[in-house]
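Okay, structure first, notes after.
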Amino acid sequence: MAKITFLGAAGCVTGSKYLVEAGGRRLLLDCGLFQGNKQLRLLNWERLPVDPSTIDWVVLTHAHIDHTGYLPRLARDGFRGPIFANAATRELCGILLPDSARLQEEDAENAARKGYSKHSPPLPLYTEAEVAPVLARITEFPRNAWQVVSPEFSIRAHDAGHILGATSIEFKITENGKPVTVLFSGDIGRYDQPILNDPAVPPPADYLLCETTYGDRDHPSSSPHEALAEIIQRVARRGGAIIIPAFAVGRTQALLYVLRELENWQRIPQLHVYVDSPMAISATELYRRHHEEHDLEFTRQEPNGDPLETRQMHFLRTPDESKSINRVTTPCIIVSASGMATGGRVLHHLARRLPDSRNAVVLAGFQAEGTRGRALLEGAKTLRIHGEDVPVKAEVIELNQFSAHADRGELLRWLKGMPAPPRQMFLVHGEPAAREAFRSRIEGQLGWRNVTLPKLGDSFELTPA
Ligand SMILES: [Zn+2]
């Protein structure tokens, strides 16, 4: 009997890994890293309940590290099969996975230097050298067409509108001649957003896995333009700098797009905008290049110049260029990764700018439990950065209009597109409260039954109708 086992993102928003088995073959859907608090990160060090050498294939919904960042470890532990992804996801993995490896190595080095590791000597989960063989194994498969993986598995991707390359994945699983269909939402994006196509109408499926990142919340209905313009005017008037911890992929490009529009409309002063993240710069190039993913609005903008560039824009690649921002005392905008302030160059800017009340930190995306971003949102008076307690005097602003994730209403809109209710639905990729709340909504508003909240390690049979 075909079955699915939840190896991650079951009760949390990271570590997406779902093992689908049929006819003695094993396919892993996404291969994400657990991120956030220590308890979660420690899960990355536990052995998978399945031997990686017995997994035949991996299929990726999109390139975010919480969906791909465990791949080098899987390969180190014996996985040797192909990894299916579309062209944009493959290229983004080429940016994100080496960066993830560098962060793992840096963490281990910092821990060794400062002696705060449990391991002795502290080890990285994987190294940059272990990423190249993984990238070489990524096999591109087409968008919106069936790909036969084996007699047991066929897969088809549908636009998810979340980041460049992001898809939902439809499976046709055949065992003993009887087919069963499974749909995984991947991460669903937002409707009517700049740059990317909207999430596609989902196909029918016997079983559905749906993400619930914002299953208990709606994003503000006001436009991102108004909210951002108001913040920039206010902070610039008082002479402050605006620091935006932003995911290099997706959030950064959406921010740049809106900043350029606000400048065009003369709604904001033309400030120096620093994009301080080599990864964000590389990702921005991919966003310009992958026309197959662009919506009409973006395509229409293109003939009039670069839709992702403001008037006084600085792309900073080297550490010296990054440090040069420290000398900037006039109002400016610093966009720097990582998006939840868990690492990366943004930590240096936060350490420097948080103690000044003229400055502002704009949190423009989901902040997971246990991250510095979440601590800021919850009003932390100090923030621990590089072993020091930094006083938080700067204004902290939540700006969910830029979320790359569908909110509760948008997830319901996506679900309502299904031609018929699935026979069983699994809610994944959400914190416990969000999953519970979203189940009530589904039962109340859609009248769907059989909504399951799998726990880590749970398995379920996938039976043909
Ligand atoms: Zn994602």
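Remember, it's 1-based here, ligands and their atoms both numbered in the order they're listed.
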Taking the basic N atoms (NZ, or NE/NH1/NH2) and the acidic carboxylate oxygens, is any pair closer than 4.0 Å for Glu21 and Arg25?
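Judged by the 4.0 Å cut-off on N to carboxylate O distance, Glu21 and Arg25 do not form a salt bridge.
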Is Glu91 salt-bridged to Arg289, cutoff N-O under 4.0 Å?
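Looking at Arg289 together with Glu91, the answer is yes, because their closest N to O distance falls below 4.0 Å.
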Donor-acceptor pair, side chain of Asp407 and main chain of Tyr214, under 3.5 angstrom:
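Judged by distance alone, no pair lies under 3.5 Å.
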Indicate yes or no for a side-chain donor-acceptor contact from Thr371 to the backbone of Ala368 under 3.5 Å, with no hydrogens or angles considered.
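Confirmed, Thr371 side chain pairs with Ala368 backbone.
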Would you say CD of Glu140 has more than 12 non-hydrogen atoms from neighbouring residues, nucleotides or ligands within 6.0 angstrom?
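Yes.
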Aromatic ring centroids of His64 and His67 under 6.0 Å?
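No, ring centres 6.0 Å or more apart.
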Provide the protein N, O or S atoms situated under 2.8 Å from the Zn ion (ligand 1); waters are not included.
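Protein N, O or S atoms closer than 2.8 Å to the Zn ion (ligand 1): His62 NE2, His64 ND1, His162 NE2, Asp187 OD2.
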